[in-house]
Amino acid sequence: MDAMTEDGHASNREQVLDALRDADKFVVISHEHPDGDALGSLVAMQEILTLLGKSSLMFIDSGDFPLPQEYSFLSLDGLIEAPPADVDQRTIVFLDCGNLERTPAAAFERAGANIINIDHHHDNTRFGNVNLVVPDASCTAEIVWDLMHGLGVKPTKTIAEALYIGLITDTGRFMYENTGARAHVMAAELIAAGVDVHDIYRRVYEDVPYGKLALLARGLANVERYDDGRLAVTTLSAEDFNDAGAEESYSEGVVDHLRSVRGTAVAALVRERLSNGDGRPAHKVSLRATDERVDVSRIAREQGGGGHRQAAGFDTAMSHDDLVAFLREQVAAQL
Ligand SMILES: [Mn+2]
């Protein structure tokens with residue numbers, strides 16, 4: 001890749017390419033509540049390995065279904081929802097996972113596991129046997145795209161569409177700070193390989209179920225602003241989801257409406273978990289930074305979460321008042 005700002009990046013890339021070439025059996029896996037980059041990277045890597053003649057399976061936890069409807073058209077060939085019987089013989093490829101806590105993959109953490117870790121989160125814990133962490137990459141799909149070239153694979157339409165979805169969703173359609181010339185070069189190549197830009201736009205950003213709009217209306221109605229608007233917080237309760245007829249994934253994007261407001265330094269969405277009562281905290285907090293002095297991944301890490309400087313998240317059992325007090329304190333400390 002052009003961006004080699006990290007020590008050892010080139011040798012890590014070669015190590016990962018060797019590991020992908022040498023093994024014959026894989027499981028590809030990503031984080032819980034997979035977003036466009038997680039799913040795009042998974043589907044693309046699955047197809048790349050399959051084209052190389054490897055036996056590859058793609059793991060998505062059964063609890064993550066139904067997938068967000070905007071990605072439901074992606075091909076899920078090779079999907080498994082539980083670890084396969086021969087998991088011990090397979091190399092595990094983690095994509096877009098900053099740490100092992102953000103994956104439903106406890107079953108894959110075992111002694112002697114051979115793990116390849118491919119990611120762009122700057123706070124990645126380097127949990128793999130081989131790690132390719134490229135914080136300058138706009139998305140994990142961009143790293144997969146680079147590896148695809150290294151492996152001599154030509155993008156099929158499936159690969160091109162999957163990588164393009166990772167690219168547009170993680171760059172906010174080429175508008176976020178992480179968007180560089182490389183993202184546009186990648187887009188140009190994927191379009192040449194068969195991506196129908198308008199068709200993907202319609203599938204991912206239009207064709208919105210009404211429940212998503214109804215949930216957004218609630219999210220906008222519940223906004224609270226603190227400290228002259230520097231912190232904007234909105235809340236979606238289980239009742240809001242129910243009243244709106246919304247699925248859990250429909251809250252994706254709500255927080256971005258708050259971030260766009262003048263004077264906002266940090267926007268937060270606090271949503272109640274609808275699924276899995278397996279002892280996890282009841283609320284999930286998504287953070288977005290608008291002020292470049294603020295690193296929201298630092299705030300998330302204080303609570304055991306993680307992410308990027310401008311987008312991060314964590315789970316919490318705090319009361320609403322305690323949570324707001326915590327966020328105000330953390331934002332003030334960084335401004
Ligand atoms: Mn990503």
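Just so you know, residue 1 is the first one in the sequence shown, and it goes up from there. Start at 1 and go down the list; that is how both ligands and their atoms are numbered. Since this is a predicted model, take the numbers as computed values, not measurements.
- Between the side chains of Glu272 and Ser237, no donor N or O sits under 3.5 Å from an acceptor N or O.
- Minimum-distance N/O/S atom of Asp96 relative to the Mn ion (ligand 1): OD1.
- Remark: at the Mn ion (ligand 1), atom NE2 from His120 and atom OD2 from Asp37 enclose 100°, rounded to the nearest 10 degrees.
- Aromatic ring pairs are classed by plane angle as parallel below 30°, tilted from 30° to 60° and perpendicular above 60°; the pair Phe314 and Phe326 is perpendicular.
- Under a 4.5 Å side-chain heavy-atom cut-off, the cluster of Ile, Leu, Val, Met, Phe, Trp and Tyr residues that includes Leu213 is completed by Tyr210.
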I would like to know whether Asn117 and Asn124 meet side-chain hydrogen bond (donor to acceptor under 3.5 Å, both in side chains); could you show each step before the answer? CA-CA 9 Å; Asn117 169 18; Asn124 185 290; 2.9 Å; yes
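- Residue contact annotation: Asp170 places an N/O/S atom under 2.8 Å from the Mn ion (ligand 1).
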